[in-house]
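Note that the numbering runs from 1 along the sequence shown for the chain.
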Amino acid sequence: MQVHRLPLRQTNQFSALFLDYMDQASALTEYSGNFPNLEGFAKQIEQKSFSDENRKVLVEVLKRQYQNLTIQPDLDILAQPNTFTVTTGHQLNIFTGPLYVVYKMITVINLAKSLKKAYPDYNFVPVYWMATEDHDFAEINHFSLFGKKYEWNTEQKGAVGRMNPKELETLISEFADCPEVFKNAYLEKETLSDAVRCYIHELFGAEGLICIDADDRQLKTLFSPIIKDDLLNHSAFAKVHATSSALENLGYKTQIAPREINFFYLSNGVRERIVKEEGIYKVLNTELQFSEEEILALLESQPEHFSPNVVLRPVYEEVILPNLAYIGGPSEVPYWLQLKGAFDHYGVTFPILMPRNFALVVNKASAKKIEKLDLSIEELYHDEITLRKNFVEKHSENSLSLAEEGKTFSAIFEEILAKAIKIDKTLEGAVKGEQQKLLNSLDHLEKRLKKAEERNQETEVNQLLGLKHKLFPNGGSQERVENLMNFSLNNSEFISTLLNTFDALDFSYYTIVE
């Protein structure tokens with residue numbers, strides 16, 4: 001196996017805001033916290049405070065959530081005041097979803113190990129925040145395996161974590177090699193939340209990864225002061241809107257838009273936005289409505305009915321966890337930068353933002369094609385037009401450029417122009433016009449030469465494009481399309497290989513050649 005690392009900018013896959021943050025652009029300093037390096041983590045440890053009361057609630061909730069698993073993780077470590085968490089989060093994509101979800105888990109696991117090595121007096125627990133309250137079922141109900149799309153169709157509504165996963169038996173029956181870890185989880189557990197916790201613990205529990213389901217009454221109680229402020233004062237709306245406008249004025253495209261009320265009403269089968277109209281709090285697409293007194297009474301008695309949206313979910317995370325860092329993708333890290341004003345307003349420590357590991361896995365068959373086509377790893381990341389153009393020029397026995405000829409013609413026309421303006425200055429435009437026509441003709445001829453040479457290399461070019469499409473499906477990254485099982489079914493050590501290869505604090509794009 002060979003491992004190549006490329007700078008993130010060189011892959012042409014990331015936004016300007018993300019890349020500038022990773023380059024520590026001074027213009028972004030006020031919107032971020034400590035930088036994701038060991039020095040930054042030392043500062044974060046000093047700054048993060050977490051109450052004993054919140055620790056006690058956190059451990060109680062996690063023990064309850066893990067009580068039905070045969071092998072229990074060590075949750076008491078979270079009760080110790082010198083224990084911190086590092087967290088990643090994602091939706092409950094079936095069968096782990098795209099490969100980058102697994103990369104998130106591995107990054108947060110490896111980060112905890114690196115921090116323990118650097119700061120042995122503290123404990124660091126990797127956490128997977130399960131997006132159990134999310135209701136966008138269409139984003140989690142499918143996965144791709146060996147070129148085939150598998151999809152879960154259901155009539156169930158509301159928060160996906162509360163859905164019954166036993167309907168997945170139909171999908172499981174469609175592919176004979178379905179690993180037992182998924183069969184056991186989906187067919188034996190009553191909710192998708194329990195099923196995901198079950199298989200994630202089976203895959204990564206030995207590495208210390210803990211899953212948390214924040215759809216919980218006790219945890220929401222800890223968050224209720226901020227819920228109340230959002231309902232009454234809309235503070236997050238003002239703070240996030242101001243930051244978003246500032247980032248846009250710097251030329252960046254922002255990811256999320258705050259609302260006056262950043263909560264959904266959550267109950268079985270329902271997760272709908274709460275809005276305030278003429279003093280009345282209404283739940284969209286339902287008949288539910290509350291006066292101010294009634295909605296505050298509901299918050300006091302049943303805080304579990306309030307589910308934060310993308311603006312306040314990150315704040316919720318930092319309230320209920322002794323957390324140092326959030327590990328996210330190239331879209332998540334930028335939108336967290338919009339939120340620091342809200343964190344500051346609520347007096348909640350803003351976490352270190354760091355990207356997950358990124359990778360392209362090249363199997364043996366593709367590796368042979370790369371060698372046969374005489375490609376470098378860097379060339380794989382070129383866009384299709386550039387890749388094809390450079391390949392044809394590189395492998396042609398003929399010169400395909402007419403640049404030198406163009407220079408010769410330009411020199412001749414300079415002489416013609418000098419003669420012409422001596423006779424009549426008004427001829428200058430005519431001479432330059434003829435020169436441009438000739439240069440345009442040369443450009444057209446050069447393109448025809450390259451097209452002709454491309455036809456001469458048609459077999460190799462088709463192989464090149466086939467390889468590009470294989471490694472970058474639909475023109476995007478492999479990790480956003482392919483599923484874990486594409487690699488693990490034929491390689492039982494695949495996850496171990498990733499754990500041993502990735503470095504959480506190395507912000508490169510990995511190319512792993514089998």
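- Neither side chain, Gln338 nor Gln255, offers a donor N or O lying under 3.5 Å from an acceptor on the other.
- Scanning for salt bridge (charged side-chain N to carboxylate O under 4.0 Å, His left out) contacts around Lys48 gives Glu318, with sequence neighbours left out.
- Considering only residues two or more places apart in sequence or on other chains, Asp506 meets the salt bridge (charged side-chain N to carboxylate O under 4.0 Å, His left out) condition with Arg5.
- No side-chain donor from either of Ser144 and Asn483 sits under 3.5 Å from a side-chain acceptor of the other.
- By the 6.0 Å contact criterion, CG on Asp74 is enclosed, its count of non-hydrogen atoms from other residues, nucleotides or ligands being greater than 12.
- Remark: Glu248 pairs with Thr254 by the side chain to side chain donor-acceptor pair (under 3.5 Å) rule, at least two apart or across chains.
- Every residue two or more places apart in sequence or in another chain that forms a ring pair (Phe, Tyr, Trp, His ring centres under 6.0 Å) with His135 is listed here: Phe264.
- Counted by atom type alone, Asp215 and Thr132 present zero donor-acceptor pairs between their side chains at under 3.5 Å.
- Using a 4.5 Å cut-off on side-chain heavy atoms (C-beta onward), Leu209 and Val127 make no contact.
- Counted within 6.0 Å of CD on Gln80, heavy atoms from surrounding residues, nucleotides or ligands total more than 12; the atom is thus considered enclosed.
- Note on Arg356 versus Glu332: no salt bridge recorded, every NZ/NE/NH1/NH2 to OD/OE distance being 4.0 Å or above.
- Residues satisfying the ring pair (Phe, Tyr, Trp, His ring centres under 6.0 Å) criterion with Tyr381, sequence neighbours excluded, are Phe472, Tyr509.
- Asn93 places a side-chain N or O within 3.5 Å of a backbone atom of Glu139 that can act as its donor or acceptor partner.
- Atom NZ of Lys117 sits in a sparse spot, with 12 or fewer heavy atoms from other residues, nucleotides or ligands closer than 6.0 Å.
- For Glu190 and Lys166, the salt-bridge test passes: some basic side-chain N is under 4.0 Å from an acidic carboxylate O.
- The shortest non-hydrogen separation linking Phe507 to Pro355 is CD2-CG, 3.6 Å.
- Salt-bridge annotation for Lys239 and Asp344: absent, with no side-chain N of the basic residue lying under 4.0 Å from a carboxylate O of the acidic one.
- Within the structure, the ring pair (Phe, Tyr, Trp, His ring centres under 6.0 Å) test picks out the following pairs touching residues 271-318 (sequence neighbours left out): Trp129-Tyr316, Phe223-Tyr316, Tyr265-His305.
- Looking only at distances, no side-chain donor or acceptor of Gln13 sits under 3.5 Å from a matching main-chain atom of Ser477.
- When the salt bridge (charged side-chain N to carboxylate O under 4.0 Å, His left out) test is applied to Glu277, the partners found at least two apart in sequence or on another chain are Lys282.
- Taken from NZ in Lys340 to OG in Ser32, the straight-line distance is 7.5 Å, to the nearest 0.5 Å.
- To the nearest 0.5 Å, atoms CD (Glu272) and CG (Asn285) are separated by 4.0 Å.
- Among all heavy-atom pairs drawn from Ile140 and Leu192, the shortest one is CD1-CD2, 3.8 Å.
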Less than 3.5 Å apart, which donor and acceptor atoms pair up between the side chains of residues 179-186 and the rest of the protein, not counting sequence neighbours?
residue: Asn184; atom: ND2; partner: Glu180; partner atom: O; Å: 3.3
residue: Tyr186; atom: OH; partner: Phe95; partner atom: N; Å: 2.8

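- A donor-acceptor contact shorter than 3.5 Å is absent between the side chain of Thr87 and the backbone of Tyr326.
- Surrounding CG of Asp52 are at most 12 heavy atoms belonging to other residues, nucleotides or ligands under 6.0 Å away.
- A heavy-atom distance below 4.5 Å is not found between the side chains of Pro126 and Thr85.
- Judged purely by atom type and a 3.5 angstrom limit, Lys276 has no side-chain atom pairing as donor or acceptor with the backbone of Ile280.
- Side chain of Ser488 to main chain of Asn491: no donor-acceptor pair is present (N/O by atom type, distance under 3.5 Å, no hydrogens or angles).
- Between the side chains of Gln65 and Asp213, no donor-acceptor pair of N or O atoms lies under 3.5 Å.
- Pairs of residues two or more places apart, or lying in two chains, never qualify as ring pair (Phe, Tyr, Trp, His ring centres under 6.0 Å) while including a residue from residues 37-56.
- Aromatic ring pairs are classed by plane angle as parallel below 30°, tilted from 30° to 60° and perpendicular above 60°; the pair Tyr21 and Phe35 is tilted.
- Proximity of a side-chain donor or acceptor of Asn500 to a complementary backbone N or O of Ser496 within less than 3.5 Å is detected.
- Within the model, atoms CZ of Phe263 and CG of Leu299 stand 8.5 Å from one another, a figure rounded to the nearest 0.5 Å.
- In this structure the side chain of Leu58 never reaches within 4.5 angstrom of the side chain of Asn54, judged on heavy atoms.
- Asn357 places no side-chain N or O within 3.5 Å of a backbone atom of Ile106 that could act as its donor or acceptor partner.
- The nearest pair of heavy atoms linking Thr11 to Phe14 is OG1-CE1, 3.3 Å.
- Interatomic distance, Ile274 CD1 to Leu288 CG, rounded to the nearest 0.5 Å: 9.5 Å.
- Side chains of Arg162 and Gln156: a donor-acceptor N/O pair is absent below 3.5 angstrom, by distance only.
- More than 12 heavy-atom neighbours from other residues, nucleotides or ligands sit within 6.0 angstrom of CD on Glu174.
- Of the charged side-chain nitrogens involved, none lies within less than 4.0 Å of a carboxylate oxygen, so that Glu202 and Arg197 do not count as a salt-bridged pair.
- Residue His234 qualifies as enclosed at atom NE2: its count of foreign heavy atoms under 6.0 Å is above 12.
- Around atom NZ of Lys228, no more than 12 heavy atoms belonging to other residues, nucleotides or ligands sit under 6.0 Å away.
- The backbone N or O of Val311 lies less than 3.5 Å from a partner atom in the side chain of Asn309, making a donor-acceptor pair.
- Not counting sequence neighbours, the partners of Arg313 by the salt bridge (charged side-chain N to carboxylate O under 4.0 Å, His left out) test are Glu317.
- Here the shortest heavy-atom pairing between Cys211 and Tyr66 reads N-OH, 2.7 Å.
- Panel note: side chain Asn110, backbone Phe502; a donor-acceptor pair is recorded below 3.5 Å.
- If you take CD on Gln72 and CG on Leu62, they are separated by 11.0 Å, rounding to the nearest 0.5 Å.
- Within 6.0 Å of CD on Gln67 lie more than 12 heavy atoms contributed by other residues, nucleotides or ligands.
- Arg271 and Ser307 form a side-chain donor-acceptor contact under 3.5 Å, judged by distance and modelled atom types alone.
- For the atom pair CD of Glu133 and CD of Gln91, the computed distance is 13.0 Å after rounding to the nearest 0.5 Å.
- With sequence neighbours excluded, no residue forms a ring pair (Phe, Tyr, Trp, His ring centres under 6.0 Å) with His142.
- Applying the ring pair (Phe, Tyr, Trp, His ring centres under 6.0 Å) test to pairs two or more places apart or on separate chains, those with a residue in residues 68-91 are Phe84-Tyr122, His90-Tyr100.
- Counted by atom type alone, Asn34 and Gln47 present one or more donor-acceptor pairs between their side chains at under 3.5 Å.
- You'll find the ring centres of Phe175 and Phe146 outside the 6.0 Å limit.
- Looking only at distances, no side-chain donor or acceptor of Asp230 sits under 3.5 Å from a matching main-chain atom of Ser235.
- Salt-bridge formation is not detected for the pair Asp216/Lys220: no Lys NZ or Arg NE/NH1/NH2 atom is positioned less than 4.0 Å from an Asp or Glu carboxylate oxygen.
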